[in-house]
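Here's the structure, in structure tokens; my notes come after.
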Amino acid sequence: MDATTTAVATCAPSAATIAARAVPKDKAVKRFHVRNIVESAAIRDISDASIIDSYQLPKIYNKVQYCISCAIHSHVVRVRSVVGRRNRDPPKRFFRK
């Protein structure tokens, strides 16, 4: 087989965060993690010791891109059937009422 007949995604590759594997951008599992800088046990201690009453602690914003094998291994996504793996559409969003 030559390069023209192989089934390679035509999308630009992006590096996965965990394994640094080159994954097509539309195939990578992308998640946006938002966490507090301080763990939840220490938030109350910091707010009691703070002089400013309405001080909002900063957050860490991190965009994580997984390859499929790392996403399955870390329980981010579930294993899909052979037919379902070919579907690259994003899952339907459920809006809260």
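Please read these numbers as outputs of a predicted model, since none were measured by experiment.
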- Calculate, to the nearest 0.5 Å, the distance between atoms CD1 and SG belonging to Ile18 and Cys67 respectively.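 Answer for the CD1-SG pair, Ile18 versus Cys67, is 8.5 Å.
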- Share the residues that join Ile51 in a hydrophobic cluster, the rule being Ile, Leu, Val, Met, Phe, Trp or Tyr side chains under 4.5 Å apart at the heavy-atom level.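 None; Ile51 is a cluster of one.
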- Message: Side-chain heavy atoms under 4.5 Å apart, restricted to Ile/Leu/Val/Met/Phe/Trp/Tyr: what other residues fall into the cluster of Phe94, or is it alone?
- Response: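 None, because no other hydrophobic side chain comes under 4.5 Å of this residue.
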- Task: For the pair Ile72 and Val77, evaluate side-chain contact (heavy atoms from CB on, under 4.5 Å) and give the outcome as yes or no after the intermediate values.
- Result: CA-CA 5 Å; Ile72 291 171; Val77 294; 3.9 Å; yes
With sequence neighbours excluded, what pairs up with [X] under the side chain to side chain contact (heavy atoms under 4.5 Å, CB included) test?
{"X": "Arg78", "value": "none"}
{"X": "Val83", "value": "Ser81"}
{"X": "Ala42", "value": "Val38, Glu39"}

- Identify whether Ile46 and Ile52 are in the same connected component of the hydrophobic contact network (ILVMFWY, side-chain heavy atoms under 4.5 Å).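 Shared cluster, yes.
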- Test item: Lys27 side-chain N/O and Ile68 main-chain N/O as donor-acceptor pair under 3.5 Å: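 Looks like no, no N/O pair under 3.5 Å.
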- side-chain contact (heavy atoms from CB on, under 4.5 Å) between Ile43 and Leu57: does it pass, once the steps are laid out? CA-CA 8 Å; Ile43 288 177; Leu57 286 171; 4.0 Å; yes
- Task: Could you tell me whether Arg35 atom CZ has more than 12 heavy atoms of other residues or ligands within 6.0 Å of it?
- Result: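 No - once you tally the heavy atoms of other residues, nucleotides and ligands closer than 6.0 Å, there are 12 at most.
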- Please name the pair of heavy atoms, one in Val29 and one in Arg31, separated by the smallest distance, quoted to 0.1 Å.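 In terms of heavy atoms, the two residues are closest at CG1-NH1, 3.7 Å.
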- Task: Kindly give the heavy-atom pair with the smallest separation between His33 and Val64, and that separation in Å.
- Result: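 That would be CD2-CG2, 3.3 Å.
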- All pairs passing side-chain hydrogen bond (donor to acceptor under 3.5 Å, both in side chains) where residues 46-70 contributes a residue, at least two apart: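 Sorted result for residues 46-70: Ser14-Gln65, Arg21-Ser69, Asn36-Lys59.
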